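Just so it is clear, the model here is predicted, and its values are computed rather than measured. The chains referred to below are lettered A, B, ... by the order of the sequence lines, with proteins before strands, and numbering in each begins at 1.
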Amino acid sequence: MNAVLLSVLVVPALGILAVGAGAWTGNRRLGAVLGTVFAGVGLFAAIALAADHSGAPWSRLTWEWVPQLGLDFDIGVDGVSYPLVLLSAFLTFLCCLYTVWKGAPGGREDQLIALLLATNLGMLGVFLSFNLVLFFVFFEIVLLPMFAIIAGWGGPARRHASVKFALYTLMGSLLLLVGIFVIVTQAGTGDIIELTASGGGGLSRGTQLLAFTLLAVGLAIKAPLWPLHSWLPDAHTEAPTVGSVILAGVLLKLGTYGLIRVAVGVAPEGAEQAAPTLAVLAVVAIIAAGLICLAQTELKRLIAYSSVGHMGFVLLGIATLTEAGLTAALIGNVAHGLITGLLFFLAGSVKDRAHTGELARLGGLREVAPGLSGLLGFAAIASLGLPGLAGFWGEAFAVYAAVQRDQTLWTVLAVVAAIGAALAAAYLLRMLRLVTHGPPGEAVAAMSGTRLRAVEVTSFVPLAVGVLAVGLLPFIVQAPIGAAVSGILQAISR
Amino acid sequence: MTVTDVLVCALGAVSFGAALRVVTSKHLVRAGLWLVVALGSLAGVYLVLTAELLAWVQVLIYVGAVVVLMLFAVMLTRAPIGPSDDLDRARIPGILIGGGAGLGLAAVLVDAYRWREVALSDVESGDAVAMGNQVFTGWVLPFELLSVLLLAALIGAIVVSRPDVGAKAPEEVS
Amino acid sequence: MVQSIDHVALLPAYLAAGTAVLVLLADLLLARRAVTFAVAAIGAAATGAAAAWVASLGERETFCLPGGCSFVADGTGAVVAVVFSVLTLGVIGLSWPALRGDAEDPGAAPPTGEYLFLLACSLTGGVVLAYARDLITIIVALETLTLPLYALVGLRRKSVASAESAVNFLVVSVISSAVTLMGAALLYAVTGAVHLDQLRHNLGGPVTDVVPDYDPGAVDLPLTSVAVILVLVGIAFKIAAVPFHAWAPATYDGAPLPVAAYLSTASKLGGVFALLLIAVGGLRPALDRSGFLLAAVAVATMTVGNLAALRQTRMVRLLAFSSIAQAGYILAPLGVFAAAAGREQDVVDAAVTATLAYTVFYVVLELAAFAVVIAVRGSRQGGLIADYAGLARRSPVLAGAFVLALVGLAGLPPGMAGLFAKVTVVDALLEGEAVWLAVVVAVNAVIGLVYYVRVAGVLVRAPEGAVAAPGPRVPWPVALTLGAATVAGVVLGFAPQLVLTVTGG
Amino acid sequence: MSRVAWALALPIIPAVAALAGFLVPLKARKAAAAVGTAGSAGAAVVLFANLRLGLPELPEIEASSLDGPVLVRFGDVAVTLSAGLSQLTWWVAAIVVLVALLVQVFSVGYLLKDDERYAPYAAQISLFTAAMLLVVVSDDLILLLIGWEVMGACSYLLIGHDRRLPEAPGAAVKAFLVTRVGDVGFLLGILVLGFNAGGFRYGDIAAFMTESTATTVFTVTALLIMLGAIGKSAQFPLHTWLPDAMAGPTPISALIHAATMVAAGAYVLVRLSDLLVKGDVRIVLAVVAMISMVLSALAALASDDIKRVLAWSTVSQVAYMMAAVSVGATATAIFHLVCHGLFKALLFLGAGAVIHMAGTNSMSAMGGLRKGAPVTFWTMTIGFAALIGLPPLAGFFSKEHVLSAVYDSPDGAALFVVGLVTALLTAAYATRAWLRTFFGKTRTEGLRAHDPNPWMLWPLVVLALPTVLFGLFAGLTPLLHGDTHPTAMGLTMTAVAVGIGLSFGIWRGDKAADPARTLGPLRTVFASGFHLDAVQNTLVVRPVLVLARVARRVDLSVVDGAAEGTGRGVGGIGRLVALGHRAGMPRQVVSVLAGALVIAAAAVVMGVWG
Amino acid sequence: MHPVIPYVLAAMLFGAGVYGVVVRRNAVLVLMAVELMLGAVNLVLVTADATLRLHTGQTLALFVIVIAAAEVGLGLAIVLQLYRLRRSIVTDDVGAEPASAEGGDAEPEKVVA
């Protein structure tokens, strides 16, 4: 089992080496293909992780690394992380496949794939870390590859967007670092499991609040939580399709996962004190994102802002600090990864063909490209949280968890969040109306290659199936989460 | 006030006055000469304070070598012999910083030592024997290191001031 | 009172000084650049090896007086000596293109023998500094470390910039050391001690018996505070801490590139270690009182360095300001002296370890960065940042190494060494509960990323109009140094415990 | 298979058909039609299989004991796949399946030939069918919510289907969003209820209601859930979407916006009627029903668009169901739901046939269509008669039962009077529409009436039959619950007669003119639905859009502005700092010495006072 | 003897040196001012020795003199080099960032052949 665990991390690294070998021998195409193959193998490894899910955690591997810094190479997987591990490996594989098959804007597919694999390595590492410092190290690993993806393959304003992304997230991760070491230096250990089990390693309330605040701000930038979100629209708008997919699909989850695993798990008392603030901000994010999307004029920007809203629900779920809330947040994570991943793939396809993302210049897509428009409709409807599709469970039950807190503040938050969900419907339907309905707009009319290509079908359909599967059978995500969540919350008596 | 105090005061006044001339004189060469006076009377103070060897070294090295060196430098840089008006920058920062440093230091020193008195009679004089003992019992290492320092300064001065030292023959250039 | 001298302990110092002399002799007698070069390199390597060997023999002391020993060959000293030697070796390697000179104007190149001799003298100072444990030896060693550099900076002999840099460096340095000497003198006046251990002891006690009716305890005396600060000024100058930093960009920019590399690595290491010795070893009781100032200087240093670096157009000036900012991070752990009243030993240990470890991580990355610059520019100066445009196409390996070094200095993966350096510092800061300082470090690291990324971006950008020229031909000593520094950076990135173990000794 | 499974099979079969339909290539329209029809037919088969299982007794709306497997678990609350049919709900399922099947068939004739996107259209009908059946069979409120919202989504998709109508996409969005407003309440109501009851099953809720005395919870949740029902059932004030929704293809209007989805609100309230009692909010429902029925009947009276007439009539008729629920006559409400489903589907499909031949929705362009299209005429006549409530048609029985129940209810006086007025108005507008469509002279040149093709014709006939007969045989079903009250019946018939008489009398005066002209200036007010659209626009839509623009600007200038501004600010400071460092050595010297002086002074100060 | 007298004298000398360092434009004069500062240092050391009855301070003073001599020797050489290259030892613009920094690849300085 440990071999599988290790291979989840080693395989993407080998993939990067394979791409490098390809470039060295001058056979870049081969490198790209090999990289994709490794991404596929990585996906299999991730799937294989679930083979033994009896223990708590399912499996764990610990090597001492830098004892002076409280850093151990301590990885493992349990129900909380597994869905995200799978999601990460899955989306990366799809993105590699998409890149190697369809090509990248500006070429250099092999480099792009290597960067995707590097991002994946970091993300998987974050999800697998059972050590605070290791968590941070992997958290940092993600930053530059993603930066390079945006800066290297992005749109016209990529330089500004990528730097903004890098600086914002670096700020976040460094605050995270400070928060982590507040804990590590005080508790004397970086073992997340141990700290969670002891309810924060016996730290005082004040220390826990400080640590939680630092951790939460750091992670909230990644999530992103209003008002720390302003890097996201720029990054998404400029990033290449696969970049957006990974960014929205997995990268944002580093923040929410971290909040659950690290911030709440390690500083529970701090979390309790800070929870109302977090919840209020989350709900403001939901409403603000909804309103902003309603006035948004660019397709990818709109989807980006919608992510802020959706992650608002996830954060609301986390802030409730109830089992229901955390479960909803984790399901919401996966759902948002699938749905927004799909949306960005589709938006990329639309922009590839129409050469614009301006809503005003699109329109009538269903007349010209019914397949694309159908999928877009599906994804949009999933995104607005239609019950029966993946988005519903996380959002509705985040609201439920707020209701469950049974206090005035939380009830008000629940109501406002529910109204925010209606806003989501408003802006997504507005988007659909502007993009798919009506007579073909100038950009749409001039589109070439209206049929979905094989590569697109191959990339999009698994995501759509995932959305449907999680929507209809939510227990496939919830079941593994199950008891693991209550473990995180055990220090919070309620 | 003891005799030593009076001596120190007198020599110190000379020294400080000369020092002020060093930093204010409009004549380059005179500034150098004032430095001789300042450091020379300082050597006198050393002597009063029983630092015999140091006083002689001061006279020999400073007055005898360093100041001469400086005067050479003044000549070599073809400085005007007469007074020149462009030797100084704006005085205000200098007065603020220099005055602040001097008065500040004086203040903390006065605060620390007040009007304490020390008898000099039983102080073992810092003559050549005493200093030799000092250096060669406790401070051999820095002493040796200073030889490296001096060698480095020597070679450095040579190599910097003579463009032909170490210049390559044309065939050596590849 | 005749001292018995432990020549084994002194072996590294002998070898360093011997190297200087041998270089001079080899140059005089053989007059072959390669031979002189080899002698210097071997000498530096031997010095490092000797330091490591001496360390393996256990702690040795020599030149002892009742107040303490002047020369202590302990683990930490050995680490500094070894790193110092290795850095000097690296700089010797990097000096090859500068010494070979520009084909068009051979006379402008520094003379090989003298250049390497001065470098070896400086190495001698550094090695002695590593083992020195009293104020006098430390000061003399620092001077020996610095003085040859005045000449070295000015050794581009037909260049006004070089001469100006030399004068600039000389004057500011001389003034700083005068201030330091005044501080040391006052400290001696207050405590009557020059050995660090005794100094620490006396500072903790009353003022020496000369002031019986006024006995506030040495640390409470304003004079002591002034003395401490003045002593630290000269050292702050060496590591280019704000406000004693402004010489660095000007000097680096005019000096031969390898000398700039030496100034920003070996010389800085010397300064940092001297600071650790004096501040932590000698002046700790006093710093309890005014340690906050150290933190403030650290904050000012990293902030000013980073902000100024944002707007640089010349590569070496950028590296200079970046190294100023790095000095801020280096100083930050010492700021924890100010953090809380009850400073326990483990907090201090953590701070010392972090400072030293950060310095080691930093010098490796900085040397790698300079190695790339030298590999690209050969015997020329650093030039404009814009001149490096398109390096990624011309020479992906060099560009890769450069990016790795810069990203490491920014503290991000894949420059894992830099990442762990930052982690170490933050760890130490929080060990001392200086959360605010940790946050300041964090904010500064973010600012820092801007310019590191900007340079990295220039590397991949296509040069305007020009067809991609072939990559520069890198002489093998430079390539070797670059390779070694990069490999060291990578290895330390995956095994930071190597550094943390030895510096934690 | 368990009963849960059999019940769930009902929605699953059309859902599978829908999925298959979505995968059918666009060109294979016939295959798509076949798949869709097969889905509905399959559901019909399952429906009868369910009947064979034996259904729980009537008339109680069963607090179901049919617990299914857990679908998902959030903390200590679980969503289960609980489902089942009672004798009462079976009939709702039956009307859904019947209408869905007929609409699938009708659509073949109506749309298939010249609609390129017929395949998704058919699939969407199947999906809708599945969703509506899920609402009917579900015993778990979350499960119900899934069906509920999917219905809304299908409604949205199908309203927007017709590419030729520029207003269709807007109408679709409006339909979804207005109902979504209600659904916010619905969701919250369900969540609060589920939290308090510890589960979402009807059984959990029933148990909670017997155990608990938390009146506030009851009231709040009842109101919230009612809000959802009002939205879905297009009751005042959330009714504005329904007339616009007529932009959808006519078969869709028949299925979704008349027979089934719109009635789902009433259905849910029936299932939760105990909650309304416990929460003491039935009076609210009654008021809503009163306003809705009169308002929409008046609007129907003035509309010229035949589909809008029918749409307004739907609002009015659903209000009758609500009225029945508000007096506790749940079975009667369902009875009216079923009957309304029959005759309204008939009317819409007939209207579809009429529109098909007339090429327009406007009654002003029709007239005299009776001649060439006998089947259409007669079936429509049956439909209108049932709408009016003429004996012995189905509509007569159900309406009489509703009004009698209201009459019998102790607090029902006002409601009854309004019901009577509505009956009068209903008779009037139905007669008007009937006359304007089929009688008089054709008002369009060259319009030749003809019966539609068999695909469209037979569904009309098939629906006409039960519309005539169901009332007579209703006694065999559990739907005919309670008695008709003679006084109520008398008053109702009188009102109906007056209504018909008025309409007919005015029409006789000028057979070419619209009887609605007598309304004078009120006509435009009525036709526009009392300008409530405009009110809604001013009060809700516009402010939200303004807020959205403000939010966007604030986000750009304040939130992002702060970030960008920080960046620019730091850059600017950097420029200044760099500029300061361009100066030469003298300033370096000053900086060193002044720095030392200042720091030393600070150290002294801190040493003395620190 | 009152040690405060030589101490204050040292402080004043130091202040004079600092003033000179800040104000003087000529590099040689700056070096002279530095010598004054070093003289002040030595005076402190000597006075301390007298009060402490030790000789350590004088030893250090001796070393300081040597260091100062070395610095002056090398320093004057460097100053002369500067003079040789640009015919002036005014230090005003020494170390200032060259104005042509925005320019091309060429070194921002004139090279004297």
Q: Give me each pair satisfying ring-ring contact (aromatic ring centres under 6.0 Å, His included) with a member in residues 114-133 of chain B, each pair once, sequence neighbours excluded.
A: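 Checked against ring-ring contact (aromatic ring centres under 6.0 Å, His included) - neighbours excluded - the pairs reaching residues 114-133 of chain B are Trp115(B)-His2(E).
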Q: Would you mind checking which part of Leu60(E) comes under 4.5 Å of any heavy atom in chain B, side chain (CB onward), backbone (N, CA, C, O), both or neither?
A: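 When you check distances to chain B, no heavy atom of Leu60(E) falls under 4.5 Å.
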Q: Checking Ile61(B) against chain E: side chain, backbone, both or neither under 4.5 Å from a heavy atom?
A: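 For Ile61(B), the side chain is the part near chain E, not the backbone.
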Q: Heavy-atom pairs under 4.5 Å with chain E - which of Leu105(B), Asp5(B), Thr2(B) has more of them than the others?
A: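 Option with the greatest count: Asp5(B).
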Q: Is Ala107(B) close to chain E through its backbone or its side chain, or both, or neither, when contacts mean heavy atoms under 4.5 Å?
A: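 Contact with chain E: none, neither part.
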Q: Locate the shortest heavy-atom distance separating Ala73(B) from Val28(E); write the atom from each residue and the value.
A: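 Looking at all heavy atoms of both residues, the shortest contact is CB-CG2, 4.1 Å.
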Q: What part of Leu49(B) is in contact with chain E, defined as an atom under 4.5 angstrom from a non-hydrogen atom: side chain, backbone, both or neither?
A: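 Leu49(B) touches chain E through backbone and side-chain heavy atoms alike.
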Q: For chain E, find which of Val108(B), Thr50(B), Ile97(B) contributes the most heavy-atom pairs closer than 4.5 angstrom.
A: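 Result: the option with the highest number of such pairs is Ile97(B).
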Q: How far does CD of Gln58(E) sit from CE of Met131(B), to the nearest 0.5 angstrom?
A: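 The distance works out to 5.0 Å.
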Q: Quick one: what part of Ile78(E) sits under 4.5 Å from any heavy atom of chain B, side chain, backbone, both or neither?
A: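 Both backbone and side chain of Ile78(E) come within 4.5 Å of chain B.
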Q: Side chain, backbone, both or neither: which part of Val45(B) has a non-hydrogen atom closer than 4.5 Å to chain E?
A: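 Just its side chain gets close to chain E.
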Q: Of the listed residues (Ala152(B), Gly104(B), Ala101(B), Ser25(B)), which shares the most heavy-atom pairs with chain E below a 4.5 Å separation?
A: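 Winner by heavy-atom pair count: Ser25(B).
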Q: Given a strict heavy-atom distance threshold of 4.5 Å, which part of Phe14(E) is in contact with chain B: side chain, backbone, both, or neither?
A: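 For Phe14(E), the side chain is the part near chain B, not the backbone.
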Q: Does the side chain of Tyr46(B) reach to within under 4.5 Å of the side chain of Leu45(E), using non-hydrogen atoms?
A: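 No, too far: nothing below the 4.5 Å cut-off.
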Q: Could you look at Leu146(B) and say if it's the side chain, the backbone, both or neither that has a heavy atom under 4.5 Å from chain E?
A: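 It is the side chain, since no backbone atom gets that close.
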Q: Chain B heavy atoms under 4.5 Å from Tyr83(E): which part of the residue, side chain, backbone, both or neither?
A: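 Looking at Tyr83(E), just its side chain touches chain B.
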Q: Any idea which of Ile95(B), Leu20(B), Leu154(B) has the most non-hydrogen atom pairs under 4.5 angstrom with chain E?
A: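 That would be Ile95(B).
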Q: Working to the nearest 0.5 angstrom, can you tell me the gap between Cys9(B) SG and Ile5(E) CD1?
A: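 Reported to 0.5 Å precision, the distance equals 4.0 Å.
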Q: Should Pro93(B) and Val22(E) count as side-chain neighbours, where that means a heavy-atom distance under 4.5 Å?
A: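 Yes, close enough: below the 4.5 Å cut-off.
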Q: Is it the side chain or the backbone of Leu76(E) that comes within 4.5 Å of chain B heavy atoms, both, or neither?
A: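 Side chain of Leu76(E) only, per the 4.5 Å heavy-atom cut-off to chain B.
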Q: Please classify the contact between Ala31(B) and chain E as side chain, backbone, both or neither, with a heavy-atom cut-off of under 4.5 Å.
A: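 Its backbone and side chain both get close to chain E.
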Q: Minimum heavy-atom separation for Ala157(B) to Gly73(E), with atom names?
A: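 Shortest heavy-atom contact: CB-O, 4.2 Å.
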Q: Measuring from Leu39(B):CG to Leu36(E):CG, what's the distance to the nearest 0.5 Å?
A: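 With rounding to 0.5 Å, CG (Leu39(B)) is 6.0 Å from CG (Leu36(E)).
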Q: Non-hydrogen atoms of chain B under 4.5 Å away: do they reach the side chain of Leu82(E), the backbone, both or neither?
A: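 Neither; nothing under 4.5 Å.
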Q: Could you give the distance from CG (Leu62(E)) to CD (Gln134(B)), rounded to the nearest 0.5 Å?
A: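 Nearest 0.5 Å value for the CG-CD distance: 10.5 Å.
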Q: Under the salt bridge (charged side-chain N to carboxylate O under 4.0 Å, His left out) definition, can you give me all pairs with a residue in residues 13-41 of chain E, not counting sequence neighbours?
A: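 For residues 13-41 of chain E: Asp88(B)-Arg24(E), Arg25(E)-Asp92(E).
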Q: Identify which part of Ser125(B) has an atom lying under 4.5 Å from any heavy atom of chain E, answering side chain, backbone, both or neither.
A: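 Contact with chain E involves the backbone of Ser125(B) alone.
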Q: Please flag which part of Phe72(B) lies under 4.5 Å from any non-hydrogen atom of chain E: side chain, backbone, both or neither.
A: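 Phe72(B) has no heavy atom closer than 4.5 Å to chain E.
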Q: Can you say whether Leu29(E) sits under 4.5 Å from chain B via the side chain, the backbone, both, or neither, judging by heavy atoms?
A: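 Answer is side chain: those atoms of Leu29(E) sit under 4.5 Å from chain B.
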Q: When rounded to the nearest 0.5 angstrom, what is the spacing between CG in Asp49(E) and CD in Glu124(B)?
A: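 CD of Glu124(B) is found 10.5 Å from CG of Asp49(E).
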Q: Most heavy-atom pairs under 4.5 angstrom with chain E, which of Val135(B), Thr24(B), Thr4(B)?
A: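 Most heavy-atom pairs under 4.5 Å with chain E: Thr24(B).
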Q: Is the shortest side-chain heavy-atom distance between Val23(E) and Val23(B) below 4.5 Å?
A: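 They are not in contact (no side-chain heavy atoms under 4.5 Å apart), so the answer is no.
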Q: So for Ser88(E), is it side chain, backbone, both, or neither that comes closer than 4.5 Å to the heavy atoms of chain B?
A: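 Ser88(E) has no heavy atom closer than 4.5 Å to chain B.
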Q: Enter the distance from Asn133(B):CG to Thr59(E):OG1 here, rounded to the nearest 0.5 Å.
A: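 One gets 10.5 Å once the value is rounded to the nearest 0.5 Å.
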